[in-house]
Colleague: 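Before I ask anything, let me first share the structure, which is written out below as structure tokens.
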Amino acid sequence: MLLCCALSTMAQQTPKYVFYFIGDGMGVNQVNGTETYLAAQEGRIGIKPLLFGDFPHTAFVTTYSASNGITDSAAGGTALATGEKTYNGCLGLLPDSTTIATSVAVWAKEAGAAVGITTNVSVDHATPASFYAHQKNRSMYYEIGKDLVGSNFDFFGGSDFLKPERKNEKSIYTLAQEGGYTISRGYKDYLKKCKQADKMILLQTEEASKVDRTAIPYAIDRKKGDMTLQEITRAAINFLYKKNPEKFFLMVEGGKIDWACHDNDAATIFEEIIDMDNAVRVAYEFYSQHPDETLIVITADHETGGIGLGNSDYTQKSDLLKYQRMSAPEYSKHLRELIKKHGDKITFDIVKEDLKKHFGFWSVIPLGEKQEDELLKAYDDIIAGREKDKKSMYAKESAFGYLAKSIMNRNAKIGWTSGSHTNGYVPVFAIGAGAEIFHGRINNTDIPKMIGKVAGYKK
């Protein structure tokens, strides 16, 4: 009923260009925490708005799935893509596991728009796959890859395919090329190939995929030459506008927000949201040139981690997070290399100096006796061979690295209720043609229907 009322009162604006950003795992507190973090870095209490945080039209979104009060990314993605609820783990199918649910990207394609699906994780991961795949289980990566090729969408971008090979069958790369796709490896390679390509898949370099094919690096860990979500977004806009200057639809996922939330890594989360905001800025540049013809919508599939901002003493110290120089998983790798480098000569003083450099401990963040004792005990466990790795959904890190991250969170006054998803509200931010339709409290299934209606994809 609420959806019908909203649709009937919207202004008669039909966007030609639609941007649909999904911050995986990005709840309301993740956004607020990032804006508080940005203000704290300027030495003040309050917020420094993200670009999308200042968009004029907002809503709160419920995210439960057909099977669970707390959704996973497959069911959440399917809801955001198709407007239909399904069970956790399922992609693009109704709960009967048979009936296909078509996505807003398909509606756009059928309406004549050029279509792009992009992410900073693998192109066959749950959220991007929700827009083109129809599989009972999100882990059916080879089948999902075949669905990608069969979608005939114009542009895909992400780190790589997770499982492109299957014994006695053609690789997904071969199927993609046979299906008319040009595969580029890195942004520079895209620039070389895009003019001659009819359809395109932009992946990171093969060298980068040998290190980690699951995703491009976290923003906090980025090195020169790493592909970025900004580059992926810019390439997608360039290609789609070339393909059809009259109409396009582009989905962009900030997928690693969720990964860092699963790992309860506050500094990494906030930097990932800033990074997605930078990708939004690329879309906003386009919007500024076509303000009456463009719609930008930002939302999330669910909240992850149950992040809490502050504690009982009414203080926040999120400015301290700027002294964390690496994601927690990356620091664990670094620590292993440090220990390997020093061998038997490794001492706690050497490790303390390293923590000063990468977390600011002791130098700018004073640690109490209890926290130093915790680190010393964890160091002793390493030396005695007692240390056991800690695992989250997408990361494995040393117990010492996990502890260092936890101490940073505690000092910054950041708390957590979970290492998984929660049922917290997620936000919608919108600007542009038809954006006024987004207001109040809505369900995640309303969003693609709203986009489809306002953009004229479906009557």
Side-chain angles (χ1 to χ4, degrees), residues 15-26 52 61 73-74 76-84 91-92 101-111 113-133 144 147-148 151-159 199-202 229-241 243-244 247-258 276-277 279-280 282-284 286-287 294-302 426 428-432 438 444-452 454-455 457-458:
K16 295 163 61 175
Y17 314 109
V18 176
F19 295 89
Y20 192 5
F21 283 82
I22 299 174
D24 200 315
M26 187 183 73
F52 69 75
V61 184
S73 289
T78 297
L80 291 179
T82 71
E84 300 287 349
L91 292 169
T102 57
S103 76
V104 63
V106 173
W107 310 340
K109 188 71 175 175
E110 291 175 346
V115 172
I117 303 296
T118 64
T119 180
N120 57 1
V121 298
S122 66
V123 291
D124 49 9
H125 214 258
T127 302
S130 298
F131 286 80
Y132 62 80
I144 291 168
D147 283 347
L148 181 150
S151 73
N152 203 36
F153 292 168
D154 301 279
F155 186 92
F156 289 94
S159 63
K199 295 181 294 184
M200 198 112 197
I201 300 174
L202 169 59
L229 192 60
Q230 279 182 289
E231 290 176 337
I232 294 170
T233 305
R234 196 174 299 281
I237 294 171
N238 170 269
F239 193 84
L240 295 176
Y241 190 75
K243 189 70 183 282
N244 185 354
K247 188 183 297 187
F248 68 69
F249 169 90
L250 174 61
M251 192 285 291
V252 181
E253 183 203 19
K256 294 194 82 174
I257 299 167
D258 175 67
M276 191 181 82
D277 193 53
V280 174
V282 177
Y284 191 81
F286 184 91
Y287 161 82
T294 304
L295 171 65
I296 306 176
V297 179
I298 290 93
T299 191
D301 50 356
H302 52 75
V426 300
V428 171
F429 302 91
I431 193 171
F438 295 98
N444 53 7
T445 54
D446 294 333
I447 299 174
K449 295 173 186 175
M450 289 173 163
I451 292 173
V454 77
Y457 301 153
K458 296 193 82 173

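Quick caveat, the model's predicted, so the values are computed rather than measured. All values below were derived from every heavy atom in this structure, side-chain atoms included, with hydrogens, water molecules and symmetry-related copies excluded.
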Colleague: For F21 and A279, which heavy atoms make the closest approach, and how far apart are they?
Modeller: CZ-O, 3.8 Å
Colleague: Side chain to side chain contact (heavy atoms under 4.5 Å, CB included) between N238 and R234: does it pass, once the steps are laid out?
Modeller: CA-CA 6 Å; N238 170 269; R234 196 174 299 281; 5.7 Å; no
Colleague: Are L91 and I144 packed together at the side-chain level, in the sense that at least one heavy-atom pair is separated by less than 4.5 angstrom?
Modeller: yes
Colleague: Could you give the distance from OG1 (T445) to CD (E84), rounded to the nearest 0.5 Å?
Modeller: 7.5 Å
Colleague: Working to the nearest 0.5 Å, report the span between CG of L240 and CE of M200.
Modeller: 12.0 Å
Colleague: Can you tell me which residue among I298, T299, D446 is in a side chain to side chain contact (heavy atoms under 4.5 Å, CB included) with V428?
Modeller: T299
Colleague: Any chance you could measure H125, atom NE2, to N120, atom CG, to the nearest 0.5 Å?
Modeller: 10.5 Å
Colleague: If the condition is side chain to side chain donor-acceptor pair (under 3.5 Å), which residues does T82 pass it with, not counting sequence neighbours?
Modeller: none
Colleague: Are the side chains of Y17 and L295 in touch, meaning some heavy atoms are under 4.5 Å apart?
Modeller: no
Colleague: Provide the closest heavy-atom pair for A105 versus I117 in the form atom of the first, atom of the second, distance.
Modeller: CB-CD1, 4.1 Å
Colleague: I'd like to check the side chain to side chain donor-acceptor pair (under 3.5 Å) partners of T102; sequence neighbours left out, ordered by chain and number.
Modeller: W107
Colleague: If every non-hydrogen atom of A79 is compared with every non-hydrogen atom of P448, which pair is closest and at what distance?
Modeller: O-CG, 3.4 Å
Colleague: Using only atom types and a distance under 3.5 Å, with no angle test, would you say the side chain of T118 pairs donor to acceptor with the backbone of G157?
Modeller: no
Colleague: Would you mind checking if D154 and K109 are paired as a salt bridge, meaning a charged N to carboxylate O distance below 4.0 Å?
Modeller: yes
Colleague: Is the closest side-chain heavy-atom distance between T78 and L80 below 4.5 Å?
Modeller: no
Colleague: Can you see which heavy atom on S130 is nearest to which on A81, and at what distance?
Modeller: O-CB, 3.4 Å
Colleague: Output the distance between atom CG (L250) and atom CD1 (I296), rounded to the nearest 0.5 Å.
Modeller: 10.5 Å
Colleague: Taking the side chain as every heavy atom from C-beta outward, state whether M276 and I257 have any atom pair closer than 4.5 Å.
Modeller: yes
Colleague: Would you compute the distance between atom NZ of K247 and atom OH of Y241 and round it to the nearest 0.5 angstrom?
Modeller: 14.5 Å
Colleague: How close do A430 and F438 get, heavy atom to heavy atom, and via which atoms?
Modeller: CB-CD1, 3.7 Å
Colleague: With side chains defined as the heavy atoms from C-beta onward, is the minimum distance between I22 and V252 less than 4.5 Å?
Modeller: no
Colleague: Is there side-chain contact between F155 and V115, with at least one heavy-atom pair below 4.5 Å?
Modeller: no
Colleague: Taking the six-membered ring where the residue is Trp, are the ring centres of F286 and F248 under 6.0 Å apart?
Modeller: yes
Colleague: Are H302 and N444 close enough that a side-chain donor and a side-chain acceptor fall under 3.5 Å?
Modeller: no
Colleague: Do the non-hydrogen side-chain atoms of D24 and E253 ever get within less than 4.5 Å of each other?
Modeller: yes
Colleague: Report the distance from atom CG of L229 to atom CD of E231, rounding to the nearest 0.5 Å.
Modeller: 10.0 Å
Colleague: May I ask you to check whether F156 and Y132 place their ring centres under 6.0 Å from each other?
Modeller: yes
Colleague: Testing the basics here: between P128 and T119, what is the closest heavy-atom pair and its distance to 0.1 Å?
Modeller: CG-CG2, 4.0 Å
Colleague: In terms of the angle between their ring planes, are Y20 and F249 parallel, tilted or perpendicular, with boundaries placed at 30° and 60°?
Modeller: perpendicular
Colleague: With side chains defined as the heavy atoms from C-beta onward, is the minimum distance between K199 and K243 less than 4.5 Å?
Modeller: yes
Colleague: Evaluate the criterion side chain to side chain contact (heavy atoms under 4.5 Å, CB included) for residue pair F131 and V104; output intermediate values, then yes/no.
Modeller: CA-CA 7 Å; F131 286 80; V104 63; 3.9 Å; yes
